[in-house]
Amino acid sequence: MNRREALSTVALLLGGTIVGANVFLEGCTPGDKKAAAAGGPLTFSNDDIAYLDEIAETIIPTTDTPGAKAAKVGEFMTVMVKDCYDEKDQKIFVDGMQQLNDASRKKFGKSFMDADSKQRTELLTEIDKESKDAMAKAKPEDPKPYFRLMKELTLLGYFTSEVGATKALRYVAVPGRYEGCIPYKKGDKAWAT
Amino acid sequence: MPQDSLHTNNRAGVANTYDAIVIGSGISGGWAAKELSEKGLRTLMLERGRNFEHIKDYASASKNPWELEHRGKATQDQKKKRPIISRPWAMYGTAAYEPIMDYWADEQECPYVEVKPFTWWRSYQMGGRSILWGRQSYRWSDFDFEANAKDGIAVDWPIRYKDVAPWYDYAEKFAGISGSREGLQHLPDGNFLPPMDLTCVEKDVAERIRKSFRNRHMIIGRVANLTVPIPGRTKCQFRNRCWEGCPFGGYFSTQSSTLPAAMATGKLTVRPFSIVTRILYDKDTKKAKGVEVLDAETNKTYEFYSRIVFLNASTLNSAWVLMNSATDIWPGGLGSSSGELGHNIMDHHYMLGAQGTVEGFEDKYYYGRRANGFYITRFANLYGDKRDYLRGFGYQGGAGRQGWSRDVAELNVGAGFKEALTEPGTWSIGATGFGEILPYHENKITLDKDKKDKWGLPVLSMDAELKENEWKMRKDIVQELVAMFEAAGVKNISTWDDKNYAIGQGIHEMGSARMGKDPKTSVLNKWNQVWDAKNVFVTDGSFMVSSACQNPSLTYMAMTARAVDHAVSELKKGTL
């Protein structure tokens, strides 16, 4: 758990003073508007969405509950990158899509889409380790590695989706009461919100 | 008539005359409207922004997370329109939240000048910040009311706890404040609804702090969320989505509480889109005769007349109204004769604290989303404690289990990672300080006549900063929290402190028209009346003489009810 995420978790608990959902993963951080993605507004093709779906599905696969693809996380990522990211993070994300594919070709001699699920998991595990290492060394103002952005959007997109919140987690729209101290047994699902 | 909440009265003369005018519809304006109309006065409440109706206009409040296109994240477009609200918020990221971005004031229409950095949180719509407030509600004590006199700071408060205590009772009973009775002299108990629960970890930490330190009390927050229903309102449903507006009326807001009560009298008229440009001063009677209103939609100007005026436009905007009401008698503005109008701007320390993890409670969890946290009450410079700075601070925080946004050690992607995230994570605890900021004459706001808003009106210029006492206290706030967490066995403690912290960021701005005993050194008397125009009452945060460290809104509610009571009794006696 990095420090910023730990704090976000804490911020969520300061119910009296801080609004909730916005302090989850910081997909939308304000930043400078200089590094323009050349050539007009950012667009993603259906192939891009399919590719992002597979990345997301590798991070959060279908198990006894639906995975990221069922939650349409690929499409969600594109909406977030287009609408919420600043241009700097947009570029990191879009370049990252290429870098990830290059890494797949280098490692397996085939694109990510052509790699099998075992290879995909192996590759993303490796890339995730690298991005964690990079973040451990980074200064707070440094941009996040592209895979960090993808992973954050995957978790946000999945666990706040209907399948993620209601099937992988426990969602109660209107709890109606509060109990501060109840038993928990291993295997009980976490609250979605 | 009670249903006719948008009754617009544009006819001249008598038809524009009321017994009382209230400027602003936020926490204190709503209270003024309720109290005045319940006492039988025909009252006009003016709101500069749009109407914003209870339940009907809380567009996102009943949506599921997946029904928000960006799952709560503000878009770049939203942020460009409201860059001040979108400023980074210490380590919390940002408070910019997708569904409520337009609850905040339009920053393009209403600019202001930052001589020194100043983040101004404004909500220009019916109910003002009563929709968006943090709801923490604490009484002051005589430690607070006596502090200026004892320390020789600024001027003495003209009131003491006994003057406000019955009004705290009154305000709490109507607003619905939940909390625990603790018998603390420095944080008096009130007329509370049953308290919310602490989590298992919070209870344990509270007990360890109590054992390790003298006079340190970690209690459940006292909060304006109902733990039992009261007439016309449903109890808090523990959704923790208060800022979106509560369809249950679970927390106190103008819309859920004071407005329905005021409308039920049949005496209240509400006029949205009404920017009060000045209070009309009558030289002969030395009183206000009414207000001038600029219709924000039509740009037409109207005059409304009344026997008394309650100014509740929020601390900085109330000062703006007074300053913009300058006449040849008072060129610095109505209430400027002391030279203190717009000065002594205060706020609270905020955006600093510590967090860590707690072991040993892996078999414990909680149910519901508590729109509240714990409160560690003030201990610095109390009961013989002595620091190298004046006054004190409290902390607000919470302990809970980490959610799905955490990293999982040794797990990167895939089924194992997913399964781990479907279970709650480690317990973590964190808190942020809220500390007292002293009143300094030179911390001021002024009218900048060169810069204009959308309607051609001069804007406010902010010139306020923290000083030595404040920076010393900030350091101590973090150190003391770490010491308490360490004593309580909290692990992996890390701290944060916004080194660029500036007045305004605490969203508790106060002091622009302080009260006092002497018209030469204060703007208002002890009944919140402008010394220079006694039928004008200012009962929002403007009147504060010092800031204490408690969240201030409850004190505004109590002081508003007290001022209305005084005003109406003076009217009846014919002395106003």
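Here is the naming used below: chain letters follow the sequence lines, and residue numbers restart at 1 for every chain. Hydrogens, waters and symmetry mates play no part in the numbers below; they use all other heavy atoms, side chains included.
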So what's closer than 4.5 Å to chain B heavy atoms on [X]: side chain, backbone, both or neither?
X      : answer
A:T166 : side chain
A:L169 : side chain
A:R170 : side chain
A:T154 : neither
A:K82  : neither

Contact origin within [X] toward chain A - heavy atom pairs under 4.5 Å:
X      : answer
B:E362 : backbone
B:F361 : neither
B:C242 : neither
B:L421 : both

Take atom NZ of B:K203 as the centre, draw a 6.0 Å sphere, and report whether it contains more than 12 heavy atoms from other residues, nucleotides or ligands.
yes

Choice from B:T199, B:D197, B:N412 maximising heavy atom contacts with chain A below 4.5 Å:
B:N412

Mark yes or no: A:R177 above the aromatic ring of B:Y367, with NZ or CZ under 6.0 Å from the six-membered ring centre and no more than 45 degrees from the axis.
yes

